[in-house]
Amino acid sequence: MADKTLRDLLIHTIKDMYFAETAIYKALPKMIDGAKNEDLKTGLTQHRDETKNQITRLEKMFAALDMRPASVPCKGIQGILGEGEEVLKEFGDGEAGDAGVIASCQAVEHYEITRYGTMHAWATELGLDEIAEAIEETLAEEYAADEKLTALAEGGINQQAEQGEGMGGAQRPTGRGGARTGATKGRSTTKSAGSRSTRTTRAKGVAKTASRTKSAASKRATAGKTTRKSSGRK
Ligand code: FE
Ligand code: FE
Ligand code: FE
Ligand code: ZN
């Protein structure tokens with residue numbers, strides 16, 4: 001289609017996110033039910049409310065473009081949510097369940113961040129300031145949700161996932177007990193798969209990767225624009 005423009009591309013992506021946010025809104029109750037940690041449940045419930053608001057915000061973007069809301073199927077989010085369900089099925093009852101829920105939800109947040117970050121740049125380029133601002137508001141919420149998940153993971157859920165609760169190590173395979181701390185903490189995590197402390201590395205990797213992605217994406221999304229992001233909301 002030689003006649004398709006950047007504006008068309010932005011509209012296509014707004015439709016994609018309209019589909020994605022709606023799918024996320026519908027999928028979140030499963031994650032909330034599957035989560036055991038109360039703070040995690042609360043955080044996800046709050047983000048579900050925000051997601052509802054984000055759907056409304058997308059509808060306002062359509063209105064600003066003189067369009068009715070419409071969707072195009074987003075295979076990306078379908079895949080991510082599908083994987084989340086699989087992880088829940090496989091790990092939900094076990095000690096690593098909440099770490100799995102966090103990982104799945106962070107994959108969702110990262111998808112949203114990459115899309116909204118791009119959309120923000122396009123809307124700004126096109127001089128669609130009202131839309132750019134709406135995107136920025138949503139983007140701030142996605143970053144905040146991602147950060148909160150990182151804080152929960154690093155604030156005890158990963159560790160608990162590794163140790164189990166009230167098991168005293170009795171049901172764990174032998175030979176892993178001492179390997180947890182130090183070896184992987186605070187280290188770059190991307191290439192350590194396959195090392196003997198893989199289990200820990202992976203769990204920590206979620207959080208570390210999340211933080212890194214955040215700062216890089218954050219810079220990109222706000223580049224060249226006033227940073228009125230995350231106006232004190234949690
Ligand atoms: Fe969202
Ligand atoms: Fe998509
Ligand atoms: Fe995958
Ligand atoms: Zn989100």
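All ligand and atom numbering here is 1-based and tracks the order in the structure.
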- Message: Checking one value in my table: which N/O/S atom of Glu112 lies closest to the Fe ion (ligand 1)?
- Response: OE2
- Query: Just wondering, are more than 12 heavy atoms of other shown residues or ligands nearer than 6.0 Å to CG in Asp93?
  - Reply: no
- What N, O or S atom of Glu142 is found closest to the Fe ion (ligand 1)? OE2
- Could you tell me whether the Fe ion (ligand 2) has an N, O or S atom of Thr13 under 2.8 Å away? no
- Item | Within-4.5 Å side-chain heavy-atom neighbours: Glu21 and Glu112 | yes
- Item | Asp98 versus Lys36, closest heavy-atom pair with distance | OD1-N, 2.8 Å
- Note on the structure: Among N, O or S atoms, Asp16 approaches the Fe ion (ligand 2) most closely through OD2
- ang(OE1 Glu21, the Fe ion (ligand 1), OE1 Gln54) rounded to 10° is 90°
- Message: If only side-chain N and O atoms count, and only distance matters, is there a donor-acceptor pair under 3.5 Å linking Glu85 with Ser104?
- Response: no
- Query: Side chains of Thr5 and Asp8: donor-acceptor distance under 3.5 Å anywhere?
  - Reply: yes
